[in-house]
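Let me begin by presenting the structure, written as structure tokens, before commenting on it.
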Amino acid sequence: EEVKEKMTEVRAKKNEMDEIRKTFQETLKASKDLTKEQREELIKEFKEKNAEKHQAIKEAQKELQKEIRETTQDGDRRK
């Protein structure tokens, strides 16, 4: 039960980050008139702004994976 709740939370965070990333990619596609330097600055700002979220997702996934591996299977999947 607890693992399922954590999985749902991690999945929600990941989906949120995917939406942010998708929006950013559309912004980049729309910025064809910008110079290469301006585009690189946009990318740099995006990475800095979302670094914490990305790191939080990675840590949550690692923690969840560790927890799943630590649980022992007792053969009874229906509880």
Side-chain angles (χ1 to χ4, degrees):
E1 286 297 313
E2 189 177 315
V3 174
K4 286 184 181 181
E5 290 174 18
K6 286 185 180 181
M7 284 176 63
T8 306
E9 287 178 30
V10 169
R11 195 171 291 129
K13 287 181 184 178
K14 188 176 181 310
N15 288 341
E16 179 185 338
M17 190 66 185
D18 288 345
E19 287 298 317
I20 293 170
R21 191 176 296 126
K22 208 177 285 183
T23 304
F24 178 69
Q25 285 176 344
E26 290 172 6
T27 305
L28 267 183
K29 283 182 182 178
S31 65
K32 296 286 184 190
D33 56 334
L34 295 179
T35 64
K36 185 177 180 181
E37 290 81 20
Q38 289 172 325
R39 245 188 255 127
E40 286 175 357
E41 188 64 31
L42 267 177
I43 293 169
K44 183 179 174 184
E45 287 175 18
F46 173 79
K47 286 182 178 181
E48 288 173 358
K49 190 165 59 171
N50 294 296
E52 282 184 30
K53 288 181 185 178
H54 183 69
Q55 191 63 34
I57 291 171
K58 283 177 69 172
E59 288 173 7
Q61 286 175 333
K62 283 182 182 179
E63 185 179 312
L64 183 63
Q65 196 173 40
K66 181 180 175 186
E67 195 171 312
I68 289 172
R69 287 182 177 157
E70 286 176 352
T71 58
T72 57
Q73 292 184 357
D74 58 0
D76 186 16
R77 291 176 179 242
R78 296 181 188 158
K79 288 188 175 185

I57 side chain reached by Q61 side chain, heavy atoms, under 4.5 Å: yes
Using a strict 4.0 Å threshold on nitrogen-to-oxygen distance, state whether K6 and E2 make a salt bridge. yes
Indicate yes or no: does D18 engage K22 in a salt bridge with an N to O separation below 4.0 Å. no
Just by modelled atom types, is the L34 backbone N or O under 3.5 Å from a matching donor or acceptor in the R39 side chain? yes
Holding to salt bridge (charged side-chain N to carboxylate O under 4.0 Å, His left out), I want the full list of residues that pass it with R11, two or more places apart in sequence or in another chain. none
Using 0.5 Å steps for rounding, measure from the CG atom of L42 to the CD atom of Q38. 8.0 Å
I need the N15 CG to M17 CE distance, nearest 0.5 Å. 12.5 Å
All salt bridge (charged side-chain N to carboxylate O under 4.0 Å, His left out) counterparts of E59, not counting sequence neighbours: none
I'd like a table of donor-acceptor pairs (distance under 3.5 Å, sequence neighbours excluded) in which one partner is a side-chain atom from residues 44-52, with atom names and distances.
{"residue": "N50", "atom": "ND2", "partner": "F46", "partner atom": "O", "Å": "3.1"}

Given side chains that start at C-beta, do those of H54 and R21 come closer than 4.5 Å, heavy atoms only? yes
